[in-house]
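Report on the following structure.
Values below: all heavy atoms of this structure, side chains included; hydrogens, waters and symmetry mates excluded. Model, not experiment: these values are computed from the prediction. We're numbering straight along the sequence, starting at 1.
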Amino acid sequence: MRRFALTLLLALAAAGAAWAQEPTPDELKKENAELKRQLEALKQKLAEQEAAPPAPAVVPAAAPPATTSGKTPTAEAAPAAAKAGRAAGDRKADEPAGRTLGEVVVTATRAEADLRTIGSSISVVSGRELREQQTYEAIEPLRGVPGMMIRRTGTRGDAVIATTRGLTNVHTQFQMEGFELNNDGGVMVALDSLATDAVGGIEVLRGPQSGLYGSAASGGVVNFRLRRGEGPARVRTSMEYGTFNTHREKVDLQGGDAQFGYSLAASRLEQSDGQFDDEDYEALGVTGRFDYALSERTRVMTVIHANSDDQEVVTGFPGPRYNGEFDQDAHRDRDLLMLGLDIGHRITDWWDAHVQFSRFTNADNGFDGPDADPFGDFQSETEYARGKVHVQNRFYTCKANTVTAGVEFKFEEQEQISVSDFPAPDTASTLQADRGTWAFYLQDELNLWDAVYLTGALRRDDLDASGEAWTYRLAGAGWIDRTKTKIRASIGKGVVEPQFFQLFTPLQGNPSLSPEVNRGWDAGFDQYLLDDRLRLSATYFHNRLANAIRFRVTDPFLFTGTFENAGKVFIQGAELEAEYDIARDLVLKNDALALRAAYTWTDQEIVEVIDDTNPSFKLGSSQLDIPRGTAHFNVNYGVAEQWGLNVDVNYFGTRKVRSFVFGRPDREVADEYTKVDIAAFWSIPWIKGLRAIARGENVTHENYDESEGFPAPKANFLAGLEYEIRW
């Protein structure tokens with residue numbers, strides 16, 4: 001397969017070279033007509049901006065796309081281009097909620113690309129949708145993305161598991177403006193404490209993406225896009241109060257021009273009374289993006305994300321109903337910092353270069369004093385750090401072909417020490433390990449007749465702990481302009497390097513583990529109807545996971561064991577998605593009604609096992625905690641910037657689980673549940689810039705467990721005021 005992928009890449013490059021030729025008169029006429037259309041669109045948008053303050057535009061760190069002539073836009077044209085084709089996160093408040101033709105994404109190819117040219121399966125959560133949902137945590141918007149599954153493993157502050165297409169949480173790479181957020185091979189990304197305040201949109205790319213992004217991207221990539229500051233300075237601040245004695249304060253500052261843009265958000269969340277006694281939680285976060293154009297050809301982007309949270313952990317034995325009163329003196333605090341720097345330079349009209357530097361650190365400390373809990377009286381300190389250098393070059397070889405070449409070096413290190421009274425008094429465990437990874441990748445994008453788009457990527461990773469790994473990704477899209485239909489398909493191979501604690505944890509680690517390997521493909525279509533107000537999407541996906549790493553319990557009384565490559569898993573399913581911007585001026589002047597819906601069906605089976613004594617990995621059975629069906633429905637109705645109402649409904653189907661309760665079966669079927677959330681805002685008419693905001697979660701008071709044995713909170717609400725000042 002590696003030889004096949006390399007051959008196809010060379011064929012794409014050769015086809016691109018053959019396609020390079022002087023444009024014919026008919027092609028020149030077509031280009032002129034397209035330029036006139038774009039000019040009219042710009043005039044219309046400028047007219048709209050005279051009547052309303054401009055929404056911020058995103059100028060991503062990735063290289064700009066090639067124009068019809070194969071050249072890159074000039075620096076002076078960048079602001080206009082950004083306004084003409086806004087990135088996903090920065091749609092104006094009165095624009096349609098659905099995906100639009102011409103919308104720009106960057107995650108699929110590491111550069112700006114029109115949605116209609118993408119052969120991979122990708123979903124976008126816009127900045128408008130984030131504002132409508134008024135959610136604080138970045139995990140909540142992902143519940144509505146087809147193929148994504150979100151589960152909490154306890155109270156607020158405990159780990160949140162995000163999986164893609166039936167794979168585990170280590171198979172999805174999380175990014176912020178292209179800078180990696182994953183901790184130790186994909187786990188502990190701290191999604192529960194990642195706020196959405198500065199996020200201008202979220203791109204979710206599904207399917208094996210290791211061909212571009214390496215380890216931890218074998219199931220997909222989630223990229224949090226940050227707003228680029230633009231226009232006059234403005235400050236938005238808010239204060240909210242709600243159930244469980246929850247307080248939230250936020251301040252958001254942004255502004256800028258063609259040369260310099262800034263966007264900075266800081267927030268604080270405190271919960272001093274949860275569903276269990278002493279369930280205290282506090283989180284402080286700062287996220288920002290700063291853009292500066294050094295010259296017409298050189299620009300710099302800096303990204304910062306810092307978060308500190310402190311949690312009074314409620315521990316105890318799980319299930320069948322969680323015993324939240326068993327142990328209430330455990331404590332945990334985390335400090336996370338991500339710094340990213342991107343320097344982009346347009347060397348020639350056909351060559352762009354980017355150099356990226358990033359640093360990610362995460363300190364996680366836990367403590368539990370002596371008490372009746374046999375698992376109590378422990379102290380642990382874990383520090384993880386990653387440094388990364390990435391150099392990327394994009395060559396616009398002709399109007400139909402773009403070649404991307406990149407090289408990365410990543411260095412990771414982790415130190416952990418823990419002392420516990422289990423299984424024996426003063427049991428100590430230490431872990432100290434590091435590893436480096438060199439990688440290079442090559443991608444070729446081919447545009448044939450502005451109707452067929454082919455992309456191929458090949459990557460080699462030199463993994464310290466696991467050796468050499470070759471991965472690939474091939475994608476194709478066909479655009480039928482007459483019917484506005486996109487037919488797409490992709491195939492790829494992904495790898496996940498074993499995590500530090502799986503390899504080196506004393507007594508449990510297994511240094512001989514091999515990387516998990518996922519080979520997957522998907523095929524589907526996107527159909528735009530009713531002047532692009534309605535979009536329908538359907539996708540079939542197929543994954544075959546080999547060398548699946550699982551923990552096998554060797555002593556059920558002491559809960560000790562080891563990690564092993566357990567076997568193979570076959571996964572298939574379907575994703576359905578619809579977005580409908582139903583009407584404008586439906587009942588009132590300037591009102592709008594929009595619907596969004598998604599459904600994911602997942603069928604999975606363990607087809608090969610190394611050791612059949614592991615109850616969590618049984619031959620012929622399904623993986624644990626993966627539901628067969630999930631669904632999402634959203635309705636939003638509002639009147640321009642005056643008021644709005646948003647309703648989110650999430651359905652989570654039955655799935656196999658383990659209860660870890662003596663005397664009960666090893667595997668049980670967990671109940672299905674439906675969660676309903678509501679958000680609303682009202683612009684107070686007699687005070688300019690002042691809005692009342694409110695959000696309710698689980699408003700139907702549903703009794704359910706996202707993870708078996710850990711009950712979710714009942715109905716809870718948060719409400720307050722938001723005030724914005726512009727200069």
Side-chain angles (χ1 to χ4, degrees), residues 137 139-140 142-156 158-169 191-192 243-244 274-276 279 314-326 569 571-576 597-606 615-618 620-634 647-678 696-716:
E137 296 163 311
I139 62 167
E140 292 301 320
L142 297 179
R143 296 181 187 273
V145 176
M148 290 289 298
M149 185 195 72
I150 307 297
R151 288 191 299 115
R152 292 185 182 272
T153 61
T155 59
R156 186 185 292 274
D158 283 334
V160 173
I161 295 176
T163 64
T164 307
R165 289 182 170 176
L167 299 168
T168 65
N169 59 315
L191 280 177
D192 53 302
T243 314
F244 303 133
Q275 57 180 324
F276 305 114
E279 188 192 327
V314 182
T315 64
F317 290 117
R321 297 302 302 170
Y322 184 72
N323 183 358
E325 298 180 357
F326 194 88
V569 183
I571 306 169
Q572 65 175 344
E575 299 162 347
L576 305 176
Y599 177 78
T600 303
W601 168 77
T602 306
D603 179 48
Q604 44 153 341
E605 182 182 356
I606 298 171
S616 298
F617 203 79
K618 287 284 191 180
S621 184
S622 60
Q623 297 183 98
L624 299 177
D625 296 310
I626 305 295
R628 193 172 181 85
T630 60
H632 170 78
F633 178 76
N634 171 272
V647 179
D648 277 297
V649 181
N650 289 287
Y651 166 79
F652 203 85
T654 59
R655 72 276 186 201
K656 295 290 183 65
V657 297
R658 287 197 69 190
S659 65
F660 295 104
V661 176
F662 295 113
R664 299 186 62 169
D666 287 332
R667 300 169 68 91
E668 298 181 311
V669 177
D671 294 336
E672 61 184 5
Y673 64 85
T674 302
K675 177 174 177 279
V676 181
D677 302 329
I678 296 178
E697 296 186 353
N698 192 16
V699 295
T700 58
H701 212 62
E702 182 86 352
N703 183 22
Y704 67 95
D705 296 5
E706 291 193 3
S707 294
E708 183 66 9
F710 298 96
K714 301 295 179 63
N716 58 97

Sequence neighbours excluded, which residues qualify as salt bridge (Lys or Arg N to Asp or Glu O under 4.0 Å) partners of Arg628?
->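 For Arg628 the salt bridge (Lys or Arg N to Asp or Glu O under 4.0 Å) partners, ignoring immediate neighbours, are Asp603.
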
Among all residues two or more places apart in sequence or in another chain, which pass the salt bridge (Lys or Arg N to Asp or Glu O under 4.0 Å) test with Lys656?
->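 None.
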
Atom of [X], atom of [Y] and distance for their closest heavy-atom approach:
{"X": "Ala162", "Y": "Met148", "value": "CB-CE, 4.3 Å"}
{"X": "Ile150", "Y": "Phe652", "value": "O-CE1, 4.2 Å"}
{"X": "Thr654", "Y": "Asp671", "value": "CG2-C, 4.4 Å"}
{"X": "Pro713", "Y": "Phe244", "value": "CB-CE1, 3.9 Å"}
{"X": "Pro627", "Y": "Met149", "value": "CD-SD, 3.1 Å"}
{"X": "Ile626", "Y": "Leu167", "value": "CD1-O, 4.3 Å"}

Please report the interatomic distance [atom1]([X]) to [atom2]([Y]), rounded to the nearest 0.5 Å.
{"X": "Glu702", "Y": "Thr674", "atom1": "CD", "atom2": "OG1", "result": "6.0 Å"}
{"X": "Ile139", "Y": "Ile161", "atom1": "CD1", "atom2": "CD1", "result": "11.5 Å"}
{"X": "Thr602", "Y": "Ile571", "atom1": "OG1", "atom2": "CD1", "result": "8.0 Å"}
{"X": "Gln572", "Y": "Gln604", "atom1": "CD", "atom2": "CD", "result": "11.0 Å"}
{"X": "Asp625", "Y": "Thr163", "atom1": "CG", "atom2": "OG1", "result": "9.0 Å"}
{"X": "Thr700", "Y": "Tyr673", "atom1": "OG1", "atom2": "OH", "result": "12.0 Å"}

Taking [X] for its side chain and [Y] for its backbone only, find out whether a donor-acceptor pair lies under 3.5 Å.
{"X": "Asn703", "Y": "His701", "answer": "no"}
{"X": "His632", "Y": "Ala598", "answer": "no"}
{"X": "Gln623", "Y": "Gly166", "answer": "yes"}
{"X": "Asp677", "Y": "Asn698", "answer": "yes"}

Give me the one residue out of Arg151, Arg655, Arg143, Lys675 that meets salt bridge (charged side-chain N to carboxylate O under 4.0 Å, His left out) with Glu706.
->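 Checked Arg151, Arg655, Arg143, Lys675 against Glu706; only one passes salt bridge (charged side-chain N to carboxylate O under 4.0 Å, His left out): Arg143.
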
